[in-house]
Amino acid sequence: MDQEHPPAFDETTRALIRQKLLHYMRRHRIGVPALAKRVTDVAPRKQEIPIKTLQRFLTGHIWTIDSYVSLFQRFAENLPDPDPIGSLGKAMAGFYRATDSQHLAGEYTLTIGYATDPQRVPFAGPMTVTPDDGFCRVVARLETTLNYFFNEGVLVSDGKSAVLSLRDKMTNAPKHFFLKGNTESHSGNGVIVKFDPHAEDVVTVPDFDFMMTRMERQ
């Protein structure tokens, strides 16, 4: 590689383009030849994309010249992030300088109650915390007597406190909690925000009390 003329696309950018293209292929159940044709169709002047060039870029084993990467980026720029939770987790870990999230991995019982209205039925259900690269992925099923809600998100910790960010997979309603505790349980407070497209203002649900307790190992 020419050190005097560094590439326009660094490895991080190339990796994101690669991930988006691979995700697009899986989602649409197509192979490299079909993807190459679709990239060609949106390229300026319909520049043909050699199948072998695209194959090599997708494997990442051989450096692809910038002129081709720019065509791949043009196609991928409006594609969805293939792993928004991974992107959020890395960003949160860096922002909060959270370097000790792994110890929270495990299976938990989760309870969320209304701090301002103890008479209302709290949410409760199982939560799985899985370690990843500097953060933990979270999947939780919250239930009431009438409904159940599937949530996914990110948990990060500096070893003393933790931050949990969830979203409802159906409504996209976000939940954000600040926690403290030990290896067996964490408690804290947070809020749920609802984005109603028909409302003039954002609706903020009252404060919640939060408790996650590690399930006993069998």
Could you walk me through whether V39 and R74 pass the side-chain contact (heavy atoms from CB on, under 4.5 Å) test, one step at a time? CA-CA 8 Å; V39 175; R74 182 185 182 92; over 6 Å; no
From CZ (R214) to NE2 (H186), nearest 0.5 Å: 9.5 Å
To the nearest 0.5 Å, what is the distance between CG on D66 and CD on Q73? 10.0 Å
Is F95 linked to F178 within one hydrophobic cluster, defined over Ile, Leu, Val, Met, Phe, Trp and Tyr using a side-chain heavy-atom separation of less than 4.5 Å? yes
Ignoring hydrogens, what is the shortest heavy-atom contact between R14 and I65? Give both atom names and the distance. NH2-C, 4.4 Å
Quick one: are K175 and L142 in side-chain contact, heavy atoms under 4.5 Å? yes
Heavy-atom count around E48 CD within 6.0 Å, excluding the residue itself: above 12? no
Value rounded to 0.5 Å, distance of OG1 in T111 from CZ in F210: 9.0 Å
With sequence neighbours excluded, tell me which residues meet side-chain hydrogen bond (donor to acceptor under 3.5 Å, both in side chains) with T99. none
Side-chain heavy-atom pair E11, R18 within 4.5 angstrom cut-off: yes
Aromatic plane relationship, F72 with Y68 - under 30° parallel, 30 to 60° tilted, over 60° perpendicular: parallel
Atom NZ in K160, atom NZ in K180: separation rounded to 0.5 Å? 13.0 Å
Within the structure provided, determine whether T213 and Y108 are in side-chain contact (heavy-atom separation under 4.5 Å). no
Classify the ring geometry of F75 against Y24: parallel below 30°, tilted from 30° to 60°, perpendicular beyond 60°. perpendicular
Checking side-chain polar atoms at under 3.5 Å, does E107 have a donor or acceptor matched by the opposite partner on T128? yes
Shared ILVMFWY cluster between F177 and F135, side chains joined below 4.5 angstrom? no
Pairs meeting criterion salt bridge (charged side-chain N to carboxylate O under 4.0 Å, His left out) with involvement of residues 33-43, two or more places apart: K37-D41
Does the pair R137/D83 count as a salt bridge with the N-to-O cut at 4.0 Å? yes
Cation-pi, W63 ring and R56 (6.0 angstrom, 45 degrees): no
Do M170 and F150 have side chains that approach each other closer than 4.5 Å (heavy atoms only, starting at C-beta)? no
Between A162 and L104, what is the shortest heavy-atom contact and its length? CB-CD1, 4.2 Å
Nearest heavy-atom approach of L21 to L54 is CD1-CD1, 4.4 Å
Do H176 and V163 come within less than 4.5 Å of each other through their side chains, counting heavy atoms only? yes
Of the non-hydrogen atoms in L79 and K20, which two are nearest, and what is the gap between them? O-NZ, 3.4 Å
Within the structure provided, determine whether M25 and V32 are in side-chain contact (heavy-atom separation under 4.5 Å). yes
Angle between ring planes, F149 versus F123, binned at 30° and 60°: parallel, tilted or perpendicular? perpendicular
Roughly how far apart are T40 OG1 and L71 CG, rounded to 0.5 Å? 8.0 Å
Charged N to carboxylate O under 4.0 angstrom, E152 versus R141? no
Applying side chain to side chain contact (heavy atoms under 4.5 Å, CB included) between C136 and each of L164, L155, V156, report the one that passes. L155
Under 3.5 Å, side chain of S101 to main-chain N/O of S157, donor-acceptor pair present? yes
S165 versus M92, closest heavy-atom pair with distance: CB-SD, 4.0 Å
Spell out, yes or no, whether V42 and I30 are grouped together once hydrophobic residues are joined by side-chain heavy atoms under 4.5 Å, including indirect joins. yes
Could you tell me whether the side chain of F57 reaches within less than 4.5 Å of the side chain of I62, counting heavy atoms only? no
In this structure, CE of M211 is separated from CG of L179 (nearest 0.5 Å) by 10.0 Å
Does the Q102 side chain pair with the main chain of D132, one donor and one acceptor, at a distance under 3.5 Å? yes
Same apolar cluster (I L V M F W Y, side chains within < 4.5 Å links), V69/L16: no
State whether the side chain of R97 and the backbone N or O of D158 hold a donor-acceptor pair below 3.5 Å, judged by distance alone. no
Would you say N151 and K169 are linked by a side-chain donor-acceptor pair, where the criterion is simply a distance under 3.5 Å? no
side-chain contact (heavy atoms from CB on, under 4.5 Å) assessment of I85 paired with L88: CA-CA 5 Å; I85 291 179; L88 174 64; 5.6 Å; no
Can you give me the closest heavy-atom contact between H103 and G159, atom names plus distance? CE1-CA, 4.1 Å
Quick check: do V138 and V154 have side-chain heavy atoms less than 4.5 Å from each other? no
